[in-house]
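Right, one structure below, let's go through it.
All heavy atoms count here, side chains included; hydrogens, waters and symmetry mates do not. A, B, ... follow the sequence lines: proteins, then strands. Residue 1 opens every chain.
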2 protein chains.
Amino acid sequence: MSPEENPVPVTGPAKKKQLSREIILSAALALVDSDGLDALTMRRLGQELGRDPMGLYRYAENRAALLDGVSELVLNELAIFPDDPDWQAQLRRIAHDLREIALRHPNVVPLLVTRPLSTPLGLRPLGTLRPLEQILSLLIDAGFAPADALHVYRAYYGYLYGHILNELQEFIVDPEENEALLRLGLHRLPPKDFPRLRALAPVLADYDGEAELDQGISILLSGLAARLSPPAGSANAALTGKLI
Amino acid sequence: MSPEENPVPVTGPAKKKQLSREIILSAALALVDSDGLDALTMRRLGQELGRDPMGLYRYAENRAALLDGVSELVLNELAIFPDDPDWQAQLRRIAHDLREIALRHPNVVPLLVTRPLSTPLGLRPLGTLRPLEQILSLLIDAGFAPADALHVYRAYYGYLYGHILNELQEFIVDPEENEALLRLGLHRLPPKDFPRLRALAPVLADYDGEAELDQGISILLSGLAARLSPPAGSANAALTGKLI
DNA sequence: GCGTAGAGTCTACATCGTAGAGAAGTTGTT
DNA sequence: AACAACTTCTCTACGATGTAGACTCTACGC
C-alpha cells in the first residue's frame, strides 16, 4: 500500500507508450473490422487504446479524418506494379486483390465507396490516389494515349467497385441456415411480385464472386482494347489481334 | 390578447393536415437533396414538417428505416418495362435513366450503395428489389436462361453503379473555378508523386459521363451476349451476330 | 533549478436518437 | 349528448456522440 503502488498498472497490452498515427489507425481498423463502422467512436477508440478520447485529436483533425485514415490504411494493402509490361494481367490481378481486400474488410467498403463522394480529388488522402496514379502509369507505359488510359481506368475501376458492392450485398449470410430461401430472407418476398427472384434462390446461394469478377474483367478488357488505340506492346497481341 | 389568440398559427405551408408516410418521405428527400444526408435528423425533419419529431416514429420505425424509405422513393423514379422485346435497348435506357436520377439526387447515392450492404436481400424495402426482379424478367423473357439472366444482371448493374460512383466523385465542382487543376484541387498533389494525374487535368475537366457510360454498357452488353446463351429474339441479332 | 513546449487529460456543451407517459383529436356506440 | 376506444401527436427525459477550451503532466535545454 505504498503511495507508489501502481505507476505502471500493467493493465493489458498497452504500457502507455507514445501514441502515433499508425497505432491509432490500426486500432481503428481493428475496431471497424470487428464491430462495424458505428462502433468507431472517439470514446470507444480511446478506451481501446487506454487513452483519453481527446488525445486522438492530436493525430486526426476530426472523426472524418479518422475515417479517411482507415480507408487509406486498407488501400495500402493493395500492391500495384506499374512497370509490368502485361497490363491486362496486371489489371486482372489487381482486381482480384482488391476484391479480397474488400472481403477481408467488408465494413470498410462503405468508406472506400462513400468518402470520395464528399471530397474533391485533390483533397483526398494521398494513399487513396496512389492506385489511380499507378494504374494510369501502367496503361500509358503500355502504349495507351493518356486520355485513353483514363477511359480505360474509369471503365475498369467502375466495374470493379460495382462488382465488389454487388458481391458484398449478397454476402450477408446467416451461417446457421443453408437453405438459400431462408438464408437470404427471400421467403419474406411476396411470391406474386417476385417470382423470378425467388426462383433463383439456389443460384443466388452459390455465387462464385471470383469467377464472375474474372469474366466481367475479361469482357471489359478485351472490349476496351478493341475500341481504343491498342497498345504497342506484344504481351497482348493475342487478344487485341483477335478482335481487330 | 384573447387566450385563443393563435390556435392556428398559419405558420407557413402546412396547416396540420394528417401526416403520412409519403409526406414524411418527400420532406426527407427534399431535405437530403438540399442539405445533405447529415441534415436528415429527426428533429430537423420534424421542424420542416411543423411537427414534433417524435411523431415521425409512427411512420418509420427508426432513422434507418427513414433512410431506407428515401432510397425507395428515389428508386421509384426509375421506370422499367420488362416486356420490351429489345433487352439491350431497354438496359441501355435504364442505365441512362438511373444515371440521371443519381445526378438529380447525388446526396442519396451513398444510401443506394450503402444501405443494401447492411440488409439481407429479403429484408430490403420491396421498392428496392423491384428493379432486380423486373430486369430479371426482361432478360428471361428475352431468352436467357434464368441463371444467365442473373449473371447478366450482376455484370450490368455492377458496372452501372460503379460508373455512377465514378462520375459523382469527379463531379465535386467549385463552380467559381474553371481551371481544372484548381477546380479539382489537383494543384495540391505533389508533382513528383502524381505526374500522370496532374497531366490529365484538362481531360478530367471535360468528363462526358453520359458518353462514357454508353460506351461501357455497349462493351459489356455485346460481350455478355456473345459469351452467354444468346437470346432467341431478333431485336439483337445484329449485335450478337457480329461477334460470333 | 526552472521555463518552455508538446502530449495527454478533464470538464462542459450542444446535438443526436429514441423510450415512455401523457394530451389531443377522431370515431363509433348508446 | 355522453362516453369509450381508438389513433395521432406532444412533452419530458436519458444516455451517447463529437469536440472546444482550459488544465495537468512530462521531458528536456539552459
Side-chain angles (χ1 to χ4, degrees), chain A residues 3-9 11-25 27-28 31-32 35-70 107 110-111 114-115 118-119, chain B residues 3-28 31-32 35-70 107 110-111 114-115 118-119:
Chain A
E4 306 277 318
E5 179 88 48
N6 52 356
V8 178
T11 331
K15 285 239 186 185
K16 295 275 179 173
K17 275 213 72 107
Q18 254 246 52
L19 230 38
S20 78
R21 187 148 211 274
E22 291 74 41
I23 294 179
I24 292 180
L25 290 182
L31 196 51
V32 171
D35 287 22
L37 265 185
D38 290 343
L40 179 51
T41 71
M42 303 309 262
R43 286 168 162 93
R44 174 82 188 274
L45 183 53
Q47 174 182 327
E48 219 74 25
L49 291 162
R51 285 303 205 308
D52 185 283
M54 284 297 114
L56 305 174
Y57 286 94
R58 196 164 306 270
Y59 302 93
E61 197 163 335
N62 48 36
R63 184 166 183 268
L66 245 182
L67 297 179
D68 279 338
V70 171
N107 295 335
L111 285 188
T114 271
R115 295 283 321 154
S118 35
T119 327
Chain B
E4 307 276 318
E5 181 89 48
N6 53 356
V8 177
V10 205
T11 331
K15 285 244 185 185
K16 297 273 178 172
K17 275 215 71 108
Q18 254 246 52
L19 229 37
S20 78
R21 188 148 211 274
E22 290 76 40
I23 293 179
I24 291 181
L25 290 183
S26 308
L31 196 50
V32 172
D35 288 19
L37 264 184
D38 290 342
L40 180 51
T41 71
M42 304 307 264
R43 286 169 161 96
R44 174 83 188 274
L45 183 53
Q47 173 182 328
E48 218 75 25
L49 292 162
R51 288 299 209 307
D52 186 283
M54 284 298 115
L56 304 174
Y57 285 93
R58 193 161 308 271
Y59 301 93
E61 199 164 332
N62 49 35
R63 183 167 182 268
L66 245 183
L67 297 179
D68 279 337
V70 172
N107 295 333
L111 285 188
T114 271
R115 294 285 319 153
S118 37
T119 327

Per B/M54 side chain, nearest of listed nucleotides C/dG17, C/dT18, D/dT17: C/dT18
So which nucleotide from D/dG18, C/dG17, D/dC9 ends up closest to the side chain of B/R51? D/dC9
Specify the separation, in whole Å, of atom [atom1] of [X] and atom [atom2] of [N].
{"X": "B/R43", "N": "D/dT17", "atom1": "CZ", "atom2": "P", "answer": "16 Å"}
{"X": "B/D52", "N": "D/dC11", "atom1": "CG", "atom2": "P", "answer": "6 Å"}
{"X": "A/Q18", "N": "C/dG6", "atom1": "CD", "atom2": "P", "answer": "13 Å"}
{"X": "A/R63", "N": "D/dA16", "atom1": "CZ", "atom2": "C1'", "answer": "12 Å"}
{"X": "A/D38", "N": "D/dA16", "atom1": "CG", "atom2": "P", "answer": "15 Å"}
{"X": "B/M42", "N": "D/dC11", "atom1": "CE", "atom2": "C1'", "answer": "16 Å"}
{"X": "A/L45", "N": "D/dT17", "atom1": "CG", "atom2": "C1'", "answer": "14 Å"}
{"X": "B/L19", "N": "D/dT8", "atom1": "CG", "atom2": "P", "answer": "10 Å"}

B/L45 and B/L66, any side-chain heavy atoms less than 4.5 Å apart: yes
Would you mind reporting whether A/L67 and A/L40 have side-chain heavy atoms less than 4.5 Å apart? yes
When you measure only distances, ignoring hydrogens and angles, does the side chain of A/R58 come within 3.5 Å of the base of C/dG6 through a donor and an acceptor? no
Rounded to the nearest 0.5 Å, the CG atom of B/L31 sits from the CD atom of B/E48 at a distance of 5.0 Å
So, taking the atom named OG in A/S118 and the one named CG in B/L37, what distance separates them when rounded to the nearest 0.5 Å? 9.5 Å
Please determine whether a side-chain nitrogen or oxygen atom of B/Y59 lies at a distance below 4.0 Å from atom OP1 or OP2 of D/dC9. yes
